[in-house]
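Here is the structure we will look at, set down as structure tokens.
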Protein chains: 2
Amino acid sequence: MTQGEAAPRSTRSRPTMREVAALAGVAIKTVSRVFNGVPTVDPAIVARVREAADKLGYRPNLTASSLRRGDGRTATIGMLVEDAANPFSAVLTRTVENVARERGVLVLVGSLDEDPERERELARALVDRRVDGLVIVPAGRDQSYLINEQHTGTCMVFVDREAGLLDADAVVSENRQGAITAVNHLLKAGHRRIAYLGDRASIPTAAQRFDGYRHALEVAHIEYDDEIVRHVGSSEEAAIAATEQVLALSDPPTALFTSQNFVTIGAVRALRAMGLQDSVAQVGFDDFPLADILSPGISVIAQDVEQVGRTAAEMLFRRLDGDESPTRTVTVPTRLIERGSGEIPAEGPCHD
Amino acid sequence: MTQGEAAPRSTRSRPTMREVAALAGVAIKTVSRVFNGVPTVDPAIVARVREAADKLGYRPNLTASSLRRGDGRTATIGMLVEDAANPFSAVLTRTVENVARERGVLVLVGSLDEDPERERELARALVDRRVDGLVIVPAGRDQSYLINEQHTGTCMVFVDREAGLLDADAVVSENRQGAITAVNHLLKAGHRRIAYLGDRASIPTAAQRFDGYRHALEVAHIEYDDEIVRHVGSSEEAAIAATEQVLALSDPPTALFTSQNFVTIGAVRALRAMGLQDSVAQVGFDDFPLADILSPGISVIAQDVEQVGRTAAEMLFRRLDGDESPTRTVTVPTRLIERGSGEIPAEGPCHD
DNA sequence: CGACGCTGAGACAACGTTGACTGGGCGAGA
DNA sequence: TCTCGCCCAGTCAACGTTGTCTCAGCGTCG
């Protein structure tokens, strides 16, 4: 809490083309031409205009420009994620930003916190600012409120989950197959009693992963037991509690499939607190930093978040460039990373 | 890569107030009044206008509005961070977003990757879009290029590092004192040979932390030895290499002060690879997820990123509300979190 | 030497909206 | 009954820019 000096505020207002034109002794339209790189302007005049602009500290007003311009483009896209602070959303944002930057496009970011109401509000706020396109990780299950915007030319791509009640492009991870891979991996290590701990079942990705879990068990002829299935939401605390509960059962699981990031971490904490990290196997869905450095390392089904983000951004810009092909959903593969926790063998009598 | 249906694109263009007015049978100005909540409109007319707007799917154009409006506010601020994907930046972004949201303000985000050129480009891009204010984690050491914008009424707050050659508000963490605390903590555990591993010295925060390191050693009458000081940048790989190097010295350090996030994590990896995690002490600057779950847990000087972000956003909005008090720099305290790695005692002959 | 095309710059209107002003209708007070 | 003032909706211009059109000047070719 230091230093200072008289703060010079809003002394003069921002110069406009009019003022630059006056100083350079040309018409306003000529200034416009110079700043738009129109080649039919006398180099001497270009120099005079540039000089005048520099002297005044002139910067073009993109909002006015986009208003007048034919295409009405704002060179801005909107991005709605679950929470800008979480690693998945952060990496996604950055990847989209990278693609956008190549085209001089900036990204407006909003966090939804899984609140469908907020999703609508923020989507509207973005539309009101006339963003050229939207990248949305939807919180709700009904995006029909965007149907109007879609018809009036706002391009949009959904990420991680498909849009509900709206025909739109989407990029998703291979959730169901990833879950199947995870469970099969545990089965291969001899486990027959595998708990499922995941996010609320109302969340589409969670539902798909759960579906994969059930499918894999069914194929292996293992009876489904909802005693060892918990849809706990995405908090570490809830995951810790759930882990403790299932392991306190009279017939506890020998392996855990944790289908969401924070759930995985919560389970890791719980296992360590109980000293079971080396005897209960675990495979998590979604990789996380330092998963490899724990002991044992945590085996995961890793999503390729960069690929998801890049694909989504590229699809969006292709639409903006006029692609009118039918909408599609691109599925990005996941892959198993073995680090130790998923390879812990089942204890007790061997069923092989 | 599935599904599809004829994609209906840009069929009609977005409706305007003119069209709503025509449908409702009123003047365009009346529509404007309705959407701005002006109370002197007949409720029956309000209803008619709203109905017409809904039928057309009308949404006001904020860019046009802000152009015409007296204050010229766009209800958008710009945020430039080091990398939207890294946890520090992501949390910062989210905190600023939260404060902005309360005021109906959206946030444009850009990543600088420590590139001063990019900083200028993106700052310009934001100014060209007439953002109401800027929150900047500066990459360069010279922000005088913003002097014009400052004088023409663009408010700005710098975060994590103060602005160079520009008198502007800033919110920074207690870097020097935090480093002193870290080193003192290691001294208290009996260490006399403490390595410094940090980001490039050209980065202001790194320089301040390094300064704290030297100061603490000086106060403790320990001779400075640049054999065990490495300014390695912010990559894990470089940190791993540096850690290996200093520990391979004939007179290796018994403790490490790692002054940056990725450096800390790199050192953690290197120590584990060498099996030294329980014999070489370590204190890191900046907390990171799962630091507590490692064994030993990693002791850190934690920055209060939320507080930094919130403070910066609040300062910015106070300026936007007309605060013309002298600029100031707010310093947010850091705190030591003991988790084990920093409490490992010095081996060998005791000097006490 | 005159008509013509071309080059380069300016005039004007418009993008979608709102600030400032105008004007019609109506009730109240003289 | 007339006037004054108020209430409410409409007209007009302007925000900063660019698309369209116009026009002056000049070189060229028949």
Side-chain angles (χ1 to χ4, degrees), chain A residues 12-50 52-53 56-75 127-132 152-154, chain B residues 12-50 52-53 56-75 127-132 152-154:
Chain A
R12 56 200 154 90
S13 67
R14 196 172 290 284
T16 70
M17 275 193 178
R18 176 193 312 285
E19 292 161 61
V20 175
L23 183 61
V26 298
I28 198 175
K29 180 73 226 236
T30 300
V31 180
S32 168
R33 276 192 267 256
V34 170
F35 274 86
N36 285 286
V38 174
T40 66
V41 184
D42 186 318
I45 293 189
V46 172
R48 223 163 68 223
V49 168
R50 291 236 113 93
L56 295 175
Y58 171 77
R59 291 263 76 212
N61 185 330
L62 231 66
T63 82
S65 165
S66 95
L67 180 61
R68 183 60 184 88
R69 230 172 180 113
D71 57 13
R73 290 286 168 83
T74 53
V127 166
D128 290 357
R129 282 165 183 77
R130 295 298 185 268
V131 293
D132 300 333
T152 53
T154 306
Chain B
R12 58 200 153 89
S13 68
R14 197 173 289 284
T16 69
M17 276 194 178
R18 176 193 311 285
E19 292 162 60
V20 175
L23 183 59
V26 298
I28 199 176
K29 179 76 227 233
T30 300
V31 180
S32 167
R33 275 192 267 256
V34 169
F35 274 87
N36 285 286
V38 174
T40 66
V41 184
D42 187 317
I45 293 189
V46 172
R48 221 162 70 222
V49 168
R50 292 235 113 96
L56 295 174
Y58 171 77
R59 289 265 79 211
N61 184 328
L62 231 66
T63 81
S65 165
S66 95
L67 181 61
R68 183 59 184 86
R69 232 176 178 108
D71 57 14
R73 290 286 168 83
T74 53
V127 166
D128 291 356
R129 282 166 183 76
R130 295 298 186 268
V131 293
D132 300 332
T152 52
T154 306

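Chain A is the first sequence line, chain B the second, and so forth, proteins listed ahead of strands; every chain is numbered from 1.
- Nearest nucleotide to the side chain of B:A27, out of C:dA11, D:dT17, D:dG10: D:dG10.
- Atom C1' of nucleotide D:dG16 and atom CG of B:N61 are separated by 14 Å, given to the nearest angstrom.
- As a whole-Å value, the separation of B:R48 CZ from D:dC8 P is 15 Å.
- Between the C1' atom of C:dA14 and the CG atom of B:L67 lies a distance of 12 Å, rounded to the nearest Å.
- Closest of all the heavy-atom pairs between B:R73 and B:S66 is O-CB, 2.9 Å.
- Of the listed nucleotides (C:dT17, D:dG10, C:dA9), C:dT17 has the atom at the smallest distance from the side chain of B:M17.
- Across B:R18, B:R50, B:M17, a single residue satisfies side-chain contact (heavy atoms from CB on, under 4.5 Å) together with B:V31, and that is B:M17.
- In terms of polar N and O atoms assigned as donor or acceptor, the side chain of B:K29 comes within less than 3.5 Å of the base of C:dG19 in a complementary pairing.
- The side chain of B:N36 places an N or O atom within less than 4.0 Å of a non-bridging phosphate oxygen (OP1 or OP2) of C:dT18.
- Contact of A:R33 with C:dG10 (side chain to base): a donor-acceptor pair of N or O atoms is detected under 3.5 Å.
- In this structure, A:F35 reaches neither bases nor backbone, as no heavy-atom distance under 4.0 Å exists between it and the strands shown.
- Here D:dA13 is the nucleotide among D:dT18, D:dG10, D:dA13 with the atom lying nearest to any side-chain atom of B:R68.
- Close to C:dT18, at under 4.0 Å from its OP1 or OP2, lies a side-chain N or O of B:S32.
- In this structure, B:R14 fails the cation-pi test against B:Y58, since its NZ or CZ atom is not both closer than 6.0 Å to the six-membered ring centre and inside 45 degrees of the ring normal.
- Taking atom CZ of residue B:R130 and atom C1' of nucleotide D:dG16, one finds them 9 Å apart after rounding to whole Å.
- Distance B:I45 CD1 to D:dC8 P: 10 Å, rounded to the nearest Å.
- Looking at A:R59, its side chain never comes within 3.5 Å of a backbone N or O of B:D128 through a donor-acceptor pair.
- Using a 4.0 Å heavy-atom criterion, one finds that A:I28 contacts the bases of the nucleic acid, with or without backbone contacts as well.
- Within the structure, a side-chain polar atom (N or O) of B:S65 is placed less than 4.0 Å from OP1 or OP2 of C:dT18.
- When distances are taken from the side chain of B:D42 to each of D:dG16, D:dA9, C:dA9, the shortest belongs to D:dA9.
- Closest approach to the A:T16 side chain among D:dA9, C:dT17, D:dG16 is made by D:dG16 (side chain taken as heavy atoms from C-beta onward).
- Each of A:R69 and A:R18 has a nearest nucleotide on DNA chain D; the 5'-most of these lies closest to A:R18.
- OP1 and OP2 of D:dC7 both lie 4.0 Å or more from every side-chain N or O belonging to B:T40.
- For the pair B:D42 (side chain) and B:A44 (backbone), a donor-acceptor distance under 3.5 Å is present.
- Rounding to whole angstrom units, CZ of residue A:R129 and C1' of C:dG16 are separated by 16 Å.
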